[in-house]
Amino acid sequence: MRVAVWEVANRLGVVAGTPAELFSVLLAGPRRTVRLPLPPDHALVRALRPLGHLDLVLDEPPELPGPPPAGSVDLGDPAAVCAADPVRVTRAYEADPDPRGGLRPAWLRAGQSLLRDQDPADRALVLLAALDEGADPRTAAALARGAAGSPWTLARSSRRPCTALTAAPDGRPVVREDRVLAVACLPDGTQAALDERGRLRLPGGRAGRLADAVAATLASHPATALAAAGDSVLTGDRMGTVHAFSLTGLEQAALHSGRVTALTATATATASAAATATATASGAAPSPAPAALTVYSGGTDGTVRAWRPGRPPGRSALARRPCPVVALHAAGPYLAVAWADGLAELRRPDTGATALFRPGPRIRAVAATADGTLVVGLDDTVLHLARRACRPRR
C-alpha cells in the first residue's frame, strides 16, 4: 500500500504517504476526476472509493511494479540500501521493524523521493536529511560519505515546525512556526505576517504608514501571498494579480491564471548619474538612490514569473511545471523555488543553472542565502543545504 501511494502521488504531482493523505491533497486541488495506473481490485483503489468526491478512472496497463526479483539487501548498510531497488527496500523495511540505526524510519519518512530513479549519492543525501536526531552517528557518517557525489552537502538540520521562511535584513533565515501563510521582513526589520485569512499582521499592531496602509487594504481585500523589498510591500491575490505598494503609489500586474501562491523580491539601488554629478558639483550630498525592484511570483498555474514594477510584465515564464508553486525566496543571484510535488530548486535566473532537491515529505517553505545555501522548511524540520555546484537542468 505504501509503495502504491508513493507511486501514484509521484505520477499525479502531489505529496502523500497514506491513502487518506492522498485523498486530502487531491480533494484540495482542482481535479475531481483522477486517473490511476491501478487495477480495480488494488488495495489503494478499495481504500479511496469509499471516500467519495473523486471519480476514479483506472488504467489496467501499465500497473505499478510488482514484487521485485528475489534477493536480499543488507538493511543496516547505508550504501547497500541506497544502491538497491527502492521497492524491494521499502517492502523489506515494512516487514522488519528493526530501526537499523535510524535507516528504517528515515527511509519510510522520505520514501516518496527515494522511490524515484536517481543516483545512490542523491538517495544518500535524502536519507541523511531524513534521519532522526537519535540516529546512530555511524549511520549519519556513512550517509554523508555516500552523498559526496550529490550537488549538496547537508550543513545542518533542526527538528522544529516550519510554516513560513524569509530572511532578515542581515541575511539570516527567519523561521515561523505559527499558522501563517507567509512572512516578510520590512526594511526596518519588522516581521510582517500574512495570516490564514489573508490579513496583514504586524507586531504591536502598527509598523509605519506604508504597512498600516497595506493592512487596511487587506482587511477588505485579503491577500494570498506576501513579500517586501526596498521601500515596497508586495501582495498577491486569488485572481492572479500582484500588487506593489509604496509610499509613492500602487502598481499592479496580472501575472497568473488563478491564485498567486508565492512572492519574493529583490531591490537594487539605482541613482541618476546626472543628479549625482549635480549634487557633487554643488557640494550637496546626493539624495538616497531609489530601489529598482525585481519581483518573482508563483501561482497555482505552475509558473514562476519575473516582473519589474514600472514596466510591462514579460510574456514568458521563468519556470513552468505541471503543479502549483508552493514558495519562493530570492537572495543575491539565487532564487529558491518549492513546488507542490515536493521538489525544491535553487536557481540562477541570470545563467539558468539549477540544483534540485526532493526531501520526500511536503515542503512548506524555502529560502536562499546570498552565498547559495538552500533552506527547506518541512512540517517538522528545517534543512540547510550548502551548494556544491549548480548544474544545468536536465
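All residue numbers refer to positions in the sequence shown, counting from 1. What you see is a predicted model, and the numbers here were worked out from it, not measured in a lab. Only heavy atoms go into these numbers, but all of them, side chains included; no hydrogens, no water, no symmetry mates.
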Atom pair CZ (R364) and OG1 (T381), whose distance is rounded to the nearest 0.5 Å: 12.5 Å
Crowding at CZ, R308 (>12 non-hydrogen neighbours, <6.0 Å): no
Determine whether more than 12 heavy atoms belonging to other residues, nucleotides or ligands lie under 6.0 Å from atom CE of M1. yes
Worked check of side-chain hydrogen bond (donor to acceptor under 3.5 Å, both in side chains) between D237 and H221: CA-CA 8 Å; D237 64 28; H221 298 87; over 6 Å; no
Euclidean distance, L293 CG relative to T268 OG1, rounded to 0.5 Å: 8.5 Å
Grouping I, L, V, M, F, W and Y whenever their side-chain heavy atoms are under 4.5 Å apart, do L131 and W152 come out in a common cluster? yes
Given 3.5 Å as the limit, does a donor-acceptor pair link the side chain of D371 with the main chain of T373, or not? yes
From L234 atom CG to W307 atom CH2, the distance as rounded to the nearest 0.5 Å: 7.0 Å
Give a yes or no on this: more than 12 heavy atoms of other residues, nucleotides or ligands lie within 6.0 Å of atom CZ of R159. yes
Decide whether M239 and L255 are clustered together by the hydrophobic rule: side chain heavy atoms of Ile, Leu, Val, Met, Phe, Trp, Tyr closer than 4.5 Å, transitively. no
So D301 and R320, salt bridge (charged side-chain N to carboxylate O under 4.0 Å, His left out) or not? Walk me through it. CA-CA 8 Å; D301 59 1; R320 184 186 300 273; over 6 Å; no
Is it true that the NZ or CZ of R100 lies under 6.0 Å from the centre of Y93's six-membered ring and within 45 degrees of the ring axis? no
T90: which of D85, L114, L115, V81 passes side-chain contact (heavy atoms from CB on, under 4.5 Å): L115
Is it true that atom CZ of R238 has more than 12 heavy atoms of other residues, nucleotides or ligands lying nearer than 6.0 Å? no
Hey, what do you get for CZ (R387) to OG1 (T153), rounding to the nearest 0.5 Å? 13.0 Å
Out of the candidates V183, T166, L165, T163, only one should pair with V175 under the side-chain contact (heavy atoms from CB on, under 4.5 Å) rule; please name it. L165
From L186 atom CG to L202 atom CG, the distance as rounded to the nearest 0.5 Å: 7.0 Å
Verify side-chain hydrogen bond (donor to acceptor under 3.5 Å, both in side chains) between S157 and H384, making sure each step is shown before the conclusion. CA-CA 6 Å; S157 171; H384 294 249; over 6 Å; no
Pair H256-T303, side-chain hydrogen bond (donor to acceptor under 3.5 Å, both in side chains): steps then yes or no: CA-CA 8 Å; H256 296 276; T303 65; 3.1 Å; yes
In Å, rounded to the nearest 0.5 Å, how long is the span from SG of C82 to CG of D119? 11.0 Å
